[in-house]
Number of protein chains: 2
Amino acid sequence: MKAVRTIAELRDSIEELKSSSNKRTVGLVPTMGYLHQGHASLIRAAKDQSDIVVVSIFVNPIQFGPGEDFETYPRDEERDLDAAEGAGADLVFLPSVETMYPKPTKTKITVADVTSGLCGASRPGHFDGVTTVVSKLFNIVQPDYAFFGMKDAQQVAVIEQMVSDLNFNVKIMPCPIIREEDGLALSSRNVYLSPEERTQALVLSRSLRDAEEALEKDQIRTAAEARDLLVSTIQKSQLAVIDYVEVAAFPDLSPLDDDALISELDEPVLLALAVKFGKTRLIDNRLLHPKGE
Amino acid sequence: MKAVRTIAELRDSIEELKSSSNKRTVGLVPTMGYLHQGHASLIRAAKDQSDIVVVSIFVNPIQFGPGEDFETYPRDEERDLDAAEGAGADLVFLPSVETMYPKPTKTKITVADVTSGLCGASRPGHFDGVTTVVSKLFNIVQPDYAFFGMKDAQQVAVIEQMVSDLNFNVKIMPCPIIREEDGLALSSRNVYLSPEERTQALVLSRSLRDAEEALEKDQIRTAAEARDLLVSTIQKSQLAVIDYVEVAAFPDLSPLDDDALISELDEPVLLALAVKFGKTRLIDNRLLHPKGE
């Protein structure tokens with residue numbers, strides 16, 4: 001495995017790997033580093049699917065809003081390089097902010113509609129930052145496949161929309177959420193949690209599982225009932241402050257009518273949460289397939 | 001030469017040309033068709049520079065504003081195919097609106113600052129439409145070089161900014177304005193002009209040439225004097241209605257201070273005009289290099 005920091009070096013290294021053997025397809029795993037088993041699962045999926053695996057590690061300033069945690073976002077380069085190598089990466093791209101933004105970008109990519117609810121509503125400008133940096137990475141790496149975790153389900157939906165609208169020649173590969181044994185979805189931000197917050201944060205995955213079960217057992221049927229159940233479950237946790245609880249069609253993320261019967265919908269339905277514990281904002285979700293996968 | 005209408009067919013054809021011989025580099029000439037000698041010069045430049053020349057012909061609806069001439073923009077596919085072949089094109093891509101926009105695009109690319117004056121000010125949203133379609137074409141064709149005429153100098157500046165900000169792996173090749181013998185800059189829209197308008201439209205190129213001469217002879221020195229001379233020259237033409245007359249730094253297109261001494265500026269200076277004759281809006285410009293090329 002090779003670690004590179006400049007765009008020219010990365011392009012040369014990919015070219016070299018391609019020509020040195022019969023390796024043809026490139027899989028990209030874009031990350032903000034502080035890699036955990038969720039990232040490792042993306043890298044392994046990339047390894048299964050593609051000849052050359054590129055992992056990018058870049059805490060992208062333009063997707064953080066004022067007052068968000070850009071400065072304090074956890075970073076550990078050495079551990080990340082070990083984790084990436086262990087999971088099968090061929091190249092790790094660790095650009096500086098100056099490499100990615102030698103001057104402040106004047107160009108932004110904006111996706112309408114899909115970004116208007118959920119994290120897009122709570123974090124104005126966040127997805128412009130995501131689509132802009134992801135398109136830069138796509139142009140730098142020119143991957144055949146790009147791997148994203150479904151924990152950021154809206155991010156997957158937004159990037160799929162961008163790729164389709166702009167004809168990027170890359171296939172987006174959404175990968176399942178990886179959880180701790182007790183259900184907490186893996187996140188680099190979990191390290192912010194105090195022991196008490198860590199315990200109470202289990203309410204996210206539990207509320208989602210409970211809502212899915214209640215839907216399966218027909219104890220609840222409508223979008224409003226699902227939302228209400230999620231909210232009332234989360235509110236039992238004293239430290240939880242709800243940012244949003246949404247029930248939306250996937251992948252267009254249009255909100256469902258209150259009385260929409262979930263089991264009768266043709267498209268997948270996303271139950272999505274963002275909840276704060278102290279200063280730490282966590283997200284989780286569950287994608288339901290009422291009509292089967 | 002081969003004409004193709006779908007994205008898959010185009011990608012396959014490029015792949016085929018690349019693998020059938022040692023042809024490696026691809027040059028793209030994006031056009032809206034109704035090809036004239038200006039376009040032909042771009043295609044010839046592409047032929048000189050690259051192994052495979054792709055010409056796209058697409059009247060892009062999203063770069064036209066309400067009340068602009070999208071519906072009536074001149075089209076002549078048969079003549080265009082002959083012209084493209086004559087100039088050396090290998091592939092001509094003629095997508096339908098449905099091919100380029102199977103659904104209305106939710107994704108837009110916006111470039112700030114460079115788009116705020118000149119045509120960007122007169123045509124709100126125009127450059128979002130241009131950058132969005134050009135990035136689609138870049139992603140479809142994945143060219144090494146892309147050729148644009150300097151008649152749309154602001155378009156060149158906007159696309160250079162986008163390419164730099166988004167790390168597109170393509171080199172933008174600006175090509176000189178091609179003119180009729182009497183000085184009129186070639187434009188597909190020239191066919192709209194009545195004989196009287198056609199005669200009076202010469203005031204565009206003449207005013208630019210006169211301003212450059214007056215600057216060279218030190219008869220005028222400042223940006224305000226250059227602008228005033230351009231305006232007064234154009235106003236001598238009875239049918240001319242000025243849209244804008246601008247003197248700006250190139251390529252960032254920041255307006256110059258009124259008392260800026262043009263001969264002492266380090267960066268190139270763009271004299272740029274948009275003038276209406278009846279319903280026809282024409283543009284022209286001249287790029288000055290006060291400190292040499």
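All chains are named by letter (A, B, ...) in the order of the sequence lines, taking the proteins before the strands, and each is independently numbered beginning at 1.
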Please determine, among [options], the option with the most heavy-atom pairs under 4.5 Å with chain A.
{"options": "B:Thr132, B:Leu166, B:Thr131", "result": "B:Leu166"}
{"options": "B:Val114, B:Val111, B:Asn139", "result": "B:Asn139"}
{"options": "B:Pro104, B:Ala112, B:Ser164, B:Pro102", "result": "B:Ala112"}

Ignoring hydrogens and geometry beyond distance, is a side-chain donor-acceptor pair present between B:Ser13 and B:Lys2 at under 3.5 Å? yes
Is there a donor-acceptor contact under 3.5 Å linking the side chains of B:Asp144 and B:Thr25? no
Chain B contact via A:Asn169 - which portion, at a heavy-atom distance below 4.5 Å: both
Side chain proximity check, B:Val134 to B:Phe148, heavy atoms < 4.5 angstrom: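 Side-chain contact under 4.5 Å: yes.
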For each of A:Thr115, A:Asn167, A:Val158, tally heavy-atom pairs with chain B at distances under 4.5 Å, and name the one with the top tally.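 Of A:Thr115, A:Asn167, A:Val158, A:Asn167 has the most heavy-atom pairs under 4.5 Å with chain B.
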May I ask you to name which of A:Lys103, A:Lys136, A:Gln161 has the most heavy-atom pairs under 4.5 Å with chain B? A:Lys136
Between the side chains of B:Lys47 and B:Asp90, is the shortest nitrogen-to-carboxylate-oxygen separation below 4.0 Å, so that they form an ion pair?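 Yes, B:Asp90 and B:Lys47 are salt-bridged.
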Under a 4.5 Å heavy-atom cut-off, does chain A meet the side chain of B:Ile7, its backbone, both or neither?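 Contact with chain A: side chain only.
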How are the rings of A:Phe58 and A:Tyr101 set to each other: parallel, tilted or perpendicular (split at 30° and 60°)?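 Judged by the thresholds at 30° and 60°, the geometry between A:Phe58 and A:Tyr101 is tilted.
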Could you check whether A:Arg75 makes a cation-pi contact with A:Phe70, meaning its NZ or CZ is under 6.0 Å from the centre of the six-membered ring and within 45° of the ring axis?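 Geometry flag: set, cation within 6.0 Å and 45°.
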